Amino acid sequence: MFRKTFAKWALVMASAMLLSHGALGQGKPNVVILATGGTIAGAGADVTNSATYQAAKVPVDKLIASVPQMANVANVRGEQIFQIGSESLRNDNLMTLGKRVSALVKQNDVDGIVITHGTDTTEETAYFLNLVVKTEKPIVVVASMRPGTAMSADGTLNLYNAVVVAGSKDARGRGTFVVMNDEINSGRDVSKMVNIRPEAFKSPWGALGMVVEGKNYWFRKLDKRHTTNSEFDIDKIDALPLVEIAYAGGNVNDTAYRAFANAGAKAIIHAGPGNGSVAATLVPVLQELRGKGLHIIRSSHVNAGGFVLRNGEQPDDKYDWIVAHDLNPQKARILASVALTATGDTKELQRIFMEY
Ligand code: DGL
């Protein structure tokens, strides 16, 4: 009797171990691909169409079938979450995606997540998930600059590399990633710097690593708070408050700022030149809007990375404004939207901008 019972216990424990490491019988990690659209799912009329094509056409099962080599590195299954260009993603799409990722990473038979995505807002989605999904499991956003129908298409290798990273134990606990062009960039730092080359994405402070022929090579870790060390949790967020971005260069007027305020924005990201500079004529308008309860967040639209120093260009303490630190305007919008679900206090919001 004892032997039978012990044998049953041993079988249960062995299966549980295999399941817990996402490798039912094959020793390979289980990776789920969530497809949202974009160029990586795009199709052009001719192999010479590397920049003229229709995005968000190819379904997730065809994307997976286009890279059979993925099966050598992971057990892969796919879900079609959306099928749209990423420029059209809205806050409620981010919430849907975030909640699906959060549910999947809680499953013992899931070791990592890949999200196929348009390049236009890859940096926003990757940063959002970095802030709100409480997991150490790798979450990789992957895109492509050319459709799969073009010569030298980059999507298949990007997707293969993304699955390698998502299934890698050494990628755990490092925050979310954007994997493209053999580089592993942090979802927090990376942004689309060039819109016509496969080497489109860069992090001002450098990539985290490289992925080459199925192996990850790490050079640094993200210092900012993320995932399991974040105070934000997608499972406790119902909706994201409205935060708008006003782009400012020379000859700037207050029209957009006032329109955003009238539309109910809880904060405006001032996407200023240089150090988040604010035109003299605009300062009193922003002070007036702050007085009405709107938060003003100074960011810089300097392309390859810029700091906005508190009380540098403007007396932020005196005006009760916030600075976006090194976050570009689109990332500042993501962080402000998430932070405003937790607090409206300026000092707390500024702490959050310095820590995330
Ligand atoms: N419509 C753009 C998007 O989905 C295509 C750009 C791309 O994916 O490379 O972001």
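For ligands, and for the atoms within them, numbers begin at 1 and follow the listed sequence. This one's a predicted model, so the numbers in the text were calculated from it and none came from an experiment.
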Next on the checklist: Using side chain to side chain donor-acceptor pair (under 3.5 Å), reason through N328 and E123 one step at a time and then give a plain yes or no.
Outcome noted: CA-CA 10 Å; N328 66 26; E123 64 204 80; 3.2 Å; yes

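Looking at D235 and K106, a side-chain N of the basic residue comes within less than 4.0 Å of a carboxylate O on the acidic one, giving a salt bridge. Note on R220 versus D189: salt bridge recorded, some NZ/NE/NH1/NH2 to OD/OE distance being below 4.0 Å.
Taking a cut-off of under 4.0 Å to the non-hydrogen atoms of S144, the atoms of ligand 1 that pass are 7 (C), 9 (O). Against a heavy-atom cut-off of under 4.0 Å, E87 is close to the following atoms of ligand 1: 1 (N), 2 (C), 3 (C), 4 (O), 10 (O). Here is the list of ligand 1 atoms found below 4.0 Å of a heavy atom in D120: 1 (N), 2 (C), 3 (C), 6 (C), 10 (O). Near T39, meaning under 4.0 Å from one of its heavy atoms, ligand 1 places the atoms 5 (C), 6 (C), 7 (C), 8 (O), 9 (O). In summary, the atoms of ligand 1 found under 4.0 Å from a heavy atom of G38, numbered by their order in the structure, are 4 (O), 8 (O).
In terms of N/O distances under 3.5 Å, ligand 1 is not approached by K192.
Remark: the backbone N or O of R258 is paired with a side-chain donor or acceptor of N262 at under 3.5 angstrom.
Here the OG1-CG distance, from T119 to N195, works out to 8.0 Å after rounding to the nearest 0.5 Å.
Checked against the 6.0 Å centroid criterion, the rings of W321 and F353 do not qualify as a close aromatic pair.
Given atom 10 (O) of ligand 1, the protein heavy atom at minimum distance is S86 OG, 2.6 Å.
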